[in-house]
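Predicted model, so just to flag it, every value in this text is computed and none were measured.
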Amino acid sequence: MTTAAATGSEARRPGVSLGRWSTPLGLLASLVVVYGLMVIGAGPQAQEQFINALTIGGIYALIALGYTMVYGIIELINFAHGEIFMVGSFVSWFLLTTLGFTGAITDLRLLAVVLVFTFVVSMVVMGVVGVLIERIAYRPLRNAPRLAPLITAIGVSFILQNIIFVVVSNSIVTSPQIIPNKTLTIGPISIGSINLFVIVLAVALMVALHLFINRTRLGRAMRSTAIDREAAQIMGVNINSTIALTFFIGSALAGAAGVVQGLYFGVTVVNIGFQAGLKAFTAAVLGGIGNTTGAAIGGFVIGFIEVLSSVFGVGRWSEAAVFGALVLVLIFRPTGILGQQLADRA
(Lines give C-alpha, C1' and ligand atoms only; values in the text may rest on other atoms or scores of the structure.)
Protein backbone atom coordinates (compact mmCIF):
# COMPACT_ATOMS: atom_id res chain seq x y z
CA MET A 1 0.00 0.00 0.00
CA THR A 2 2.64 2.49 0.98
CA THR A 3 5.10 0.86 -1.41
CA ALA A 4 3.00 1.82 -4.40
CA ALA A 5 2.99 5.41 -3.31
CA ALA A 6 6.71 5.36 -2.71
CA THR A 7 7.69 3.79 -6.04
CA GLY A 8 5.08 5.16 -8.36
CA SER A 9 7.31 7.92 -9.69
CA GLU A 10 11.01 8.20 -10.28
CA ALA A 11 10.90 12.00 -10.06
CA ARG A 12 10.76 12.95 -6.43
CA ARG A 13 11.64 15.61 -3.93
CA PRO A 14 15.17 16.20 -2.72
CA GLY A 15 16.16 13.66 -0.12
CA VAL A 16 13.46 11.14 -0.92
CA SER A 17 15.81 9.20 -3.15
CA LEU A 18 19.33 9.23 -1.79
CA GLY A 19 20.91 7.44 -4.72
CA ARG A 20 22.78 4.16 -4.40
CA TRP A 21 26.20 5.79 -4.28
CA SER A 22 25.09 8.62 -1.99
CA THR A 23 24.66 6.69 1.25
CA PRO A 24 26.09 7.17 4.74
CA LEU A 25 28.23 4.07 4.14
CA GLY A 26 29.55 5.62 0.95
CA LEU A 27 30.20 8.85 2.86
CA LEU A 28 32.12 6.96 5.55
CA ALA A 29 34.17 5.10 2.94
CA SER A 30 35.02 8.37 1.21
CA LEU A 31 36.13 9.96 4.48
CA VAL A 32 38.30 6.94 5.29
CA VAL A 33 39.98 7.13 1.87
CA VAL A 34 40.56 10.87 2.22
CA TYR A 35 41.97 10.41 5.70
CA GLY A 36 44.27 7.63 4.46
CA LEU A 37 45.60 9.95 1.78
CA MET A 38 46.10 12.69 4.35
CA VAL A 39 48.03 10.40 6.68
CA ILE A 40 50.63 9.77 3.96
CA GLY A 41 53.06 12.63 4.28
CA ALA A 42 50.88 14.61 6.71
CA GLY A 43 52.12 15.66 10.10
CA PRO A 44 50.41 14.97 13.45
CA GLN A 45 48.97 18.49 13.56
CA ALA A 46 47.21 18.05 10.21
CA GLN A 47 45.77 14.74 11.38
CA GLU A 48 44.55 16.32 14.61
CA GLN A 49 42.82 19.15 12.78
CA PHE A 50 41.23 16.70 10.35
CA ILE A 51 39.83 14.70 13.27
CA ASN A 52 38.54 17.87 14.95
CA ALA A 53 36.79 18.81 11.71
CA LEU A 54 35.14 15.39 11.51
CA THR A 55 34.03 15.64 15.14
CA ILE A 56 32.50 19.11 14.86
CA GLY A 57 31.03 18.25 11.47
CA GLY A 58 29.39 15.17 12.96
CA ILE A 59 27.58 17.32 15.53
CA TYR A 60 26.35 19.73 12.85
CA ALA A 61 25.30 16.79 10.66
CA LEU A 62 23.13 15.28 13.40
CA ILE A 63 21.32 18.59 13.89
CA ALA A 64 21.00 19.20 10.15
CA LEU A 65 19.28 15.86 9.63
CA GLY A 66 16.29 17.07 11.65
CA TYR A 67 16.00 20.22 9.57
CA THR A 68 16.09 18.37 6.28
CA MET A 69 13.70 15.59 7.36
CA VAL A 70 11.00 18.03 8.43
CA TYR A 71 11.40 20.08 5.28
CA GLY A 72 11.28 16.97 3.10
CA ILE A 73 7.95 15.95 4.63
CA ILE A 74 5.99 19.20 5.11
CA GLU A 75 8.29 21.86 3.57
CA LEU A 76 8.67 23.66 6.90
CA ILE A 77 11.90 25.25 8.12
CA ASN A 78 11.70 24.35 11.80
CA PHE A 79 13.75 27.16 13.32
CA ALA A 80 12.99 25.75 16.78
CA HIS A 81 15.18 22.76 15.96
CA GLY A 82 18.34 24.46 17.20
CA GLU A 83 16.69 25.05 20.56
CA ILE A 84 15.74 21.36 20.73
CA PHE A 85 19.46 20.63 20.44
CA MET A 86 20.11 23.13 23.24
CA VAL A 87 17.46 21.59 25.51
CA GLY A 88 18.93 18.14 24.78
CA SER A 89 22.30 19.30 26.09
CA PHE A 90 20.63 20.46 29.32
CA VAL A 91 18.74 17.18 29.66
CA SER A 92 22.07 15.36 29.37
CA TRP A 93 23.64 17.71 31.94
CA PHE A 94 20.74 17.15 34.35
CA LEU A 95 20.92 13.35 34.04
CA LEU A 96 24.67 13.13 34.58
CA THR A 97 24.77 15.58 37.49
CA THR A 98 21.75 13.94 39.12
CA LEU A 99 23.52 10.59 38.92
CA GLY A 100 26.45 12.23 40.72
CA PHE A 101 29.09 12.16 37.98
CA THR A 102 31.56 15.03 37.81
CA GLY A 103 34.39 13.66 35.67
CA ALA A 104 35.69 10.76 33.63
CA ILE A 105 34.43 7.23 34.34
CA THR A 106 37.28 4.73 34.23
CA ASP A 107 35.12 1.61 34.61
CA LEU A 108 34.27 0.72 31.00
CA ARG A 109 31.13 -1.25 31.89
CA LEU A 110 29.77 1.56 34.00
CA LEU A 111 30.70 4.06 31.28
CA ALA A 112 28.83 2.06 28.65
CA VAL A 113 25.72 1.79 30.84
CA VAL A 114 25.75 5.51 31.67
CA LEU A 115 26.24 6.50 28.02
CA VAL A 116 23.42 4.26 26.81
CA PHE A 117 21.12 5.53 29.55
CA THR A 118 21.95 9.19 28.86
CA PHE A 119 21.53 8.92 25.11
CA VAL A 120 18.32 6.89 25.26
CA VAL A 121 16.63 9.14 27.82
CA SER A 122 17.76 12.37 26.15
CA MET A 123 16.72 11.21 22.68
CA VAL A 124 13.32 9.96 23.86
CA VAL A 125 12.63 13.14 25.85
CA MET A 126 13.58 15.40 22.95
CA GLY A 127 11.65 13.20 20.52
CA VAL A 128 8.53 13.61 22.65
CA VAL A 129 9.16 17.37 22.85
CA GLY A 130 9.39 17.48 19.05
CA VAL A 131 6.11 15.59 18.68
CA LEU A 132 4.38 17.94 21.16
CA ILE A 133 5.67 20.98 19.27
CA GLU A 134 4.35 19.57 16.00
CA ARG A 135 0.98 18.69 17.53
CA ILE A 136 0.42 21.97 19.38
CA ALA A 137 2.17 24.58 17.23
CA TYR A 138 2.50 23.29 13.67
CA ARG A 139 -0.39 20.91 12.94
CA PRO A 140 -3.14 23.55 13.33
CA LEU A 141 -1.24 25.71 10.79
CA ARG A 142 -0.52 22.94 8.28
CA ASN A 143 -2.82 24.45 5.63
CA ALA A 144 -2.15 28.08 6.58
CA PRO A 145 0.03 30.43 4.51
CA ARG A 146 3.71 29.50 4.81
CA LEU A 147 4.58 32.62 6.78
CA ALA A 148 2.38 31.56 9.72
CA PRO A 149 4.23 28.30 10.65
CA LEU A 150 7.56 30.03 9.98
CA ILE A 151 6.81 32.77 12.52
CA THR A 152 5.42 30.13 14.88
CA ALA A 153 8.70 28.19 14.66
CA ILE A 154 10.63 31.30 15.67
CA GLY A 155 8.20 31.84 18.55
CA VAL A 156 8.65 28.23 19.74
CA SER A 157 12.42 28.72 19.76
CA PHE A 158 12.05 31.74 22.07
CA ILE A 159 9.68 29.77 24.32
CA LEU A 160 12.21 26.94 24.70
CA GLN A 161 14.99 29.42 25.42
CA ASN A 162 12.97 31.16 28.11
CA ILE A 163 11.94 27.88 29.74
CA ILE A 164 15.61 26.90 30.17
CA PHE A 165 16.44 30.47 31.25
CA VAL A 166 13.84 30.33 34.04
CA VAL A 167 14.28 26.70 35.10
CA VAL A 168 18.08 26.49 34.92
CA SER A 169 20.15 29.61 34.17
CA ASN A 170 21.35 31.91 31.43
CA SER A 171 24.97 31.37 32.47
CA ILE A 172 27.42 28.82 31.09
CA VAL A 173 26.80 25.42 32.68
CA THR A 174 29.59 22.86 33.05
CA SER A 175 28.61 19.42 31.81
CA PRO A 176 30.45 16.30 33.10
CA GLN A 177 32.86 14.85 30.54
CA ILE A 178 32.53 11.21 31.51
CA ILE A 179 34.57 9.77 28.62
CA PRO A 180 38.28 9.50 29.58
CA ASN A 181 40.53 11.76 27.54
CA LYS A 182 42.87 9.13 26.13
CA THR A 183 44.73 9.01 22.83
CA LEU A 184 44.29 5.83 20.84
CA THR A 185 46.79 4.75 18.19
CA ILE A 186 45.45 2.72 15.28
CA GLY A 187 48.25 2.13 12.81
CA PRO A 188 49.44 5.55 11.64
CA ILE A 189 46.36 7.21 13.15
CA SER A 190 46.32 8.86 16.58
CA ILE A 191 42.85 9.85 17.71
CA GLY A 192 41.33 10.91 21.01
CA SER A 193 38.79 8.55 22.54
CA ILE A 194 36.10 11.25 22.67
CA ASN A 195 36.72 12.16 19.01
CA LEU A 196 36.46 8.53 17.97
CA PHE A 197 33.28 8.11 19.97
CA VAL A 198 31.61 11.17 18.44
CA ILE A 199 32.57 10.28 14.86
CA VAL A 200 31.48 6.64 15.18
CA LEU A 201 28.24 7.63 16.90
CA ALA A 202 27.39 10.26 14.26
CA VAL A 203 28.05 7.89 11.35
CA ALA A 204 26.19 5.04 13.09
CA LEU A 205 23.10 7.21 13.60
CA MET A 206 23.25 8.35 9.96
CA VAL A 207 23.49 4.74 8.76
CA ALA A 208 20.60 3.75 11.05
CA LEU A 209 18.48 6.60 9.70
CA HIS A 210 19.32 5.68 6.11
CA LEU A 211 18.36 2.03 6.70
CA PHE A 212 15.17 3.04 8.48
CA ILE A 213 14.04 5.34 5.68
CA ASN A 214 14.85 2.88 2.90
CA ARG A 215 14.22 -0.53 4.45
CA THR A 216 11.18 -0.21 6.74
CA ARG A 217 7.46 0.19 6.19
CA LEU A 218 7.38 3.40 8.23
CA GLY A 219 10.30 4.70 6.19
CA ARG A 220 8.40 4.02 2.97
CA ALA A 221 5.45 5.89 4.43
CA MET A 222 7.72 8.86 5.12
CA ARG A 223 9.07 8.78 1.56
CA SER A 224 5.55 8.49 0.19
CA THR A 225 4.44 11.52 2.17
CA ALA A 226 7.46 13.47 0.97
CA ILE A 227 6.70 12.64 -2.68
CA ASP A 228 2.99 13.51 -2.61
CA ARG A 229 1.07 13.92 0.62
CA GLU A 230 -2.38 13.67 -0.93
CA ALA A 231 -1.53 10.59 -3.00
CA ALA A 232 0.06 8.90 0.02
CA GLN A 233 -3.09 9.53 2.05
CA ILE A 234 -5.23 7.99 -0.68
CA MET A 235 -2.96 4.92 -0.63
CA GLY A 236 -3.64 4.52 3.09
CA VAL A 237 -0.71 6.32 4.73
CA ASN A 238 -1.62 7.98 8.04
CA ILE A 239 -0.27 11.46 7.35
CA ASN A 240 -0.51 12.77 10.92
CA SER A 241 1.33 9.77 12.36
CA THR A 242 3.99 9.92 9.67
CA ILE A 243 4.67 13.61 10.24
CA ALA A 244 4.74 13.08 14.01
CA LEU A 245 7.24 10.23 13.52
CA THR A 246 9.41 12.53 11.41
CA PHE A 247 9.45 15.15 14.16
CA PHE A 248 10.23 12.47 16.75
CA ILE A 249 13.23 11.11 14.84
CA GLY A 250 14.57 14.53 13.89
CA SER A 251 14.25 15.84 17.45
CA ALA A 252 15.80 12.65 18.86
CA LEU A 253 18.84 13.16 16.63
CA ALA A 254 19.09 16.75 17.85
CA GLY A 255 18.89 15.40 21.41
CA ALA A 256 21.78 13.03 20.64
CA ALA A 257 23.77 15.98 19.31
CA GLY A 258 22.99 17.82 22.57
CA VAL A 259 24.46 14.95 24.58
CA VAL A 260 27.56 14.98 22.38
CA GLN A 261 27.86 18.75 22.90
CA GLY A 262 28.24 18.25 26.64
CA LEU A 263 30.53 15.23 26.38
CA TYR A 264 32.89 16.85 23.88
CA PHE A 265 32.97 20.54 24.85
CA GLY A 266 32.07 20.13 28.53
CA VAL A 267 29.82 23.18 28.59
CA THR A 268 26.37 24.30 27.48
CA VAL A 269 24.47 27.56 27.62
CA VAL A 270 20.95 28.72 26.90
CA ASN A 271 21.80 30.57 23.66
CA ILE A 272 23.88 27.78 22.13
CA GLY A 273 20.97 26.59 20.01
CA PHE A 274 20.79 29.71 17.86
CA GLN A 275 24.29 29.54 16.44
CA ALA A 276 24.38 25.75 16.15
CA GLY A 277 20.92 25.68 14.61
CA LEU A 278 21.83 28.37 12.10
CA LYS A 279 24.94 26.47 11.00
CA ALA A 280 23.04 23.19 10.86
CA PHE A 281 20.36 24.82 8.71
CA THR A 282 23.14 26.14 6.48
CA ALA A 283 24.50 22.58 6.28
CA ALA A 284 21.09 21.29 5.22
CA VAL A 285 20.80 23.94 2.49
CA LEU A 286 24.41 23.42 1.44
CA GLY A 287 23.93 19.68 0.98
CA GLY A 288 20.47 20.03 -0.56
CA ILE A 289 17.52 20.82 1.69
CA GLY A 290 15.34 17.74 2.02
CA ASN A 291 18.23 15.36 1.26
CA THR A 292 19.40 13.45 4.33
CA THR A 293 22.81 12.47 2.98
CA GLY A 294 23.29 15.99 1.62
CA ALA A 295 22.63 17.38 5.10
CA ALA A 296 25.24 15.03 6.57
CA ILE A 297 27.81 16.05 3.97
CA GLY A 298 26.96 19.72 4.52
CA GLY A 299 27.58 19.32 8.25
CA PHE A 300 31.04 17.86 7.65
CA VAL A 301 31.84 20.56 5.09
CA ILE A 302 31.01 23.27 7.63
CA GLY A 303 33.14 21.49 10.23
CA PHE A 304 36.09 21.55 7.84
CA ILE A 305 35.55 25.21 6.97
CA GLU A 306 35.51 26.20 10.65
CA VAL A 307 38.63 24.23 11.51
CA LEU A 308 40.53 25.48 8.45
CA SER A 309 39.61 29.05 9.38
CA SER A 310 41.16 28.52 12.81
CA VAL A 311 44.24 26.84 11.34
CA PHE A 312 44.90 29.82 9.06
CA GLY A 313 44.41 32.27 11.92
CA VAL A 314 41.09 33.72 10.75
CA GLY A 315 38.81 31.93 13.20
CA ARG A 316 36.79 35.10 13.78
CA TRP A 317 35.84 34.96 10.11
CA SER A 318 34.66 31.34 10.21
CA GLU A 319 30.96 32.29 10.04
CA ALA A 320 31.64 34.53 7.04
CA ALA A 321 33.55 31.69 5.38
CA VAL A 322 30.68 29.26 6.01
CA PHE A 323 28.05 31.53 4.49
CA GLY A 324 30.41 32.53 1.69
CA ALA A 325 30.72 28.85 0.76
CA LEU A 326 26.94 28.55 0.90
CA VAL A 327 26.49 31.49 -1.46
CA LEU A 328 28.98 30.04 -3.94
CA VAL A 329 27.30 26.64 -3.91
CA LEU A 330 23.84 28.13 -4.37
CA ILE A 331 25.05 30.31 -7.25
CA PHE A 332 26.42 27.38 -9.24
CA ARG A 333 24.05 24.67 -7.92
CA PRO A 334 20.87 26.22 -6.45
CA THR A 335 19.52 22.86 -5.23
CA GLY A 336 22.63 22.20 -3.11
CA ILE A 337 25.38 19.61 -3.42
CA LEU A 338 23.08 16.57 -3.64
CA GLY A 339 19.75 18.33 -4.20
CA GLN A 340 17.48 17.33 -7.03
CA GLN A 341 14.74 19.11 -8.89
CA LEU A 342 11.27 18.89 -7.41
CA ALA A 343 8.90 16.42 -8.97
CA ASP A 344 6.19 17.57 -11.39
CA ARG A 345 2.95 16.29 -9.98
CA ALA A 346 0.03 15.17 -12.10
Side-chain angles (χ1 to χ4, degrees), residues 24 27-28 54-70 78 80-97 99 101 111-134 160 164 173 175-179 193-213 219 244-268 272-273 275-277 279-281 283-284 292-293 295-300 302-303:
L27 173 62
L28 176 60
L54 285 181
T55 306
I56 297 173
I59 298 175
Y60 288 145
L62 288 177
I63 308 173
L65 287 173
Y67 273 113
T68 205
M69 287 179 65
V70 170
N78 181 19
H81 192 66
E83 310 311 323
I84 292 176
F85 156 74
M86 178 270 295
V87 176
S89 68
F90 276 94
V91 172
S92 169
W93 162 80
F94 174 78
L95 291 173
L96 293 175
T97 53
L99 291 174
F101 297 107
L111 176 62
V113 171
V114 173
L115 285 174
V116 171
F117 174 77
T118 304
F119 273 98
V120 169
V121 173
S122 298
M123 292 176 71
V124 170
V125 169
M126 299 321 302
V128 171
V129 170
V131 172
L132 290 176
I133 291 173
E134 187 277 330
L160 293 176
I164 297 299
V173 174
S175 183
Q177 294 179 287
I178 60 175
I179 298 179
S193 55
I194 181 62
N195 297 88
L196 180 63
F197 175 79
V198 172
I199 295 170
V200 171
L201 174 71
V203 174
L205 290 176
M206 293 174 204
V207 172
L209 177 63
H210 175 78
L211 295 176
F212 176 81
I213 291 176
L245 176 64
T246 303
F247 271 86
F248 181 88
I249 295 175
S251 300
L253 291 174
V259 178
V260 172
Q261 163 70 27
L263 294 177
Y264 183 66
F265 293 102
V267 295
T268 185
I272 196 175
Q275 187 175 20
K279 291 180 180 178
F281 171 66
T292 52
T293 304
I297 292 176
F300 285 113
I302 290 180

Polar side-chain atom of Thr68 near backbone of Ala64 as donor-acceptor pair, under 3.5 Å: no
Nearest-0.5 Å distance, CG of residue Leu201 to CG of residue Leu196: 11.0 Å
Those residues that, when tested against Phe212, pass side-chain contact (heavy atoms from CB on, under 4.5 Å) (two or more places apart): Thr216, Leu218, Met222, Leu245, Ile249
Val91 versus Met126: any side-chain heavy-atom pair under 4.5 Å? yes
Pairing residues for Phe248 by the side-chain contact (heavy atoms from CB on, under 4.5 Å) criterion, not counting sequence neighbours: Val128, Val131
Does any pair with a residue in residues 122-134 pass side chain to side chain donor-acceptor pair (under 3.5 Å), and if so which ones, sequence neighbours excluded? Glu134-Arg139, Glu134-Arg142
Under the side chain to side chain donor-acceptor pair (under 3.5 Å) rule, collect the residues that match up with Thr268, sequence neighbours excluded. Ser89
For Gly130 versus Ile84, what's the shortest heavy-atom pair and its separation? CA-CD1, 4.5 Å
Is a side-chain N or O of His81 found less than 3.5 angstrom from the main chain of Ile63, in a donor-acceptor match? yes
Quick one: are Val173 and Val267 in side-chain contact, heavy atoms under 4.5 Å? no
Leu253 side chain reached by Leu205 side chain, heavy atoms, under 4.5 Å: yes
To the nearest 0.5 Å, tell me how far Met69 CE sits from Phe247 CZ. 10.0 Å
One should read off an interatomic distance between Ile56 CD1 and Phe265 CZ, to the nearest 0.5 angstrom, of 5.0 Å
To the nearest 0.5 Å, atom CD1 of Ile272 lies from atom CD of Glu83 at 10.5 Å
Look only at the side chain of Tyr67 and the backbone of Ala295, and say whether a donor-acceptor pair between them is shorter than 3.5 Å. no
Roughly how far, to the nearest 0.5 Å, is the CZ atom of Phe117 from the CG atom of Leu95? 5.5 Å
Tyr264 versus Gln177, closest heavy-atom pair with distance: O-NE2, 3.0 Å
State, yes or no, whether a side-chain contact exists between Val114 and Leu96 at a heavy-atom distance under 4.5 Å. yes
What residues, two or more places apart in sequence or in another chain, satisfy side-chain contact (heavy atoms from CB on, under 4.5 Å) together with Val120? Val116, Val124
To the nearest 0.5 Å, atom CG of Leu65 lies from atom OG1 of Thr292 at 6.5 Å
Around atom CZ of Phe101, are there more than 12 heavy atoms from other residues, nucleotides or ligands closer than 6.0 Å? yes
Whether Thr97 side chain and Trp93 backbone form a donor-acceptor pair below 3.5 Å: yes
Which residues satisfy the ring pair (Phe, Tyr, Trp, His ring centres under 6.0 Å) test with Phe85, sequence neighbours excluded? none
Check ring pair (Phe, Tyr, Trp, His ring centres under 6.0 Å) between Phe90 and all other residues, then give those that pass, not counting sequence neighbours. none
Gly262 to Ser175 - nearest heavy-atom pair and separation: CA-OG, 3.7 Å
For Leu115, give me all partners under side-chain contact (heavy atoms from CB on, under 4.5 Å), at least two apart in sequence or on another chain. Leu111, Phe119, Ile178, Ile179, Phe197, Leu263
Smallest separation among heavy atoms of Ala257 and Ile59, with atom names: CB-O, 4.1 Å
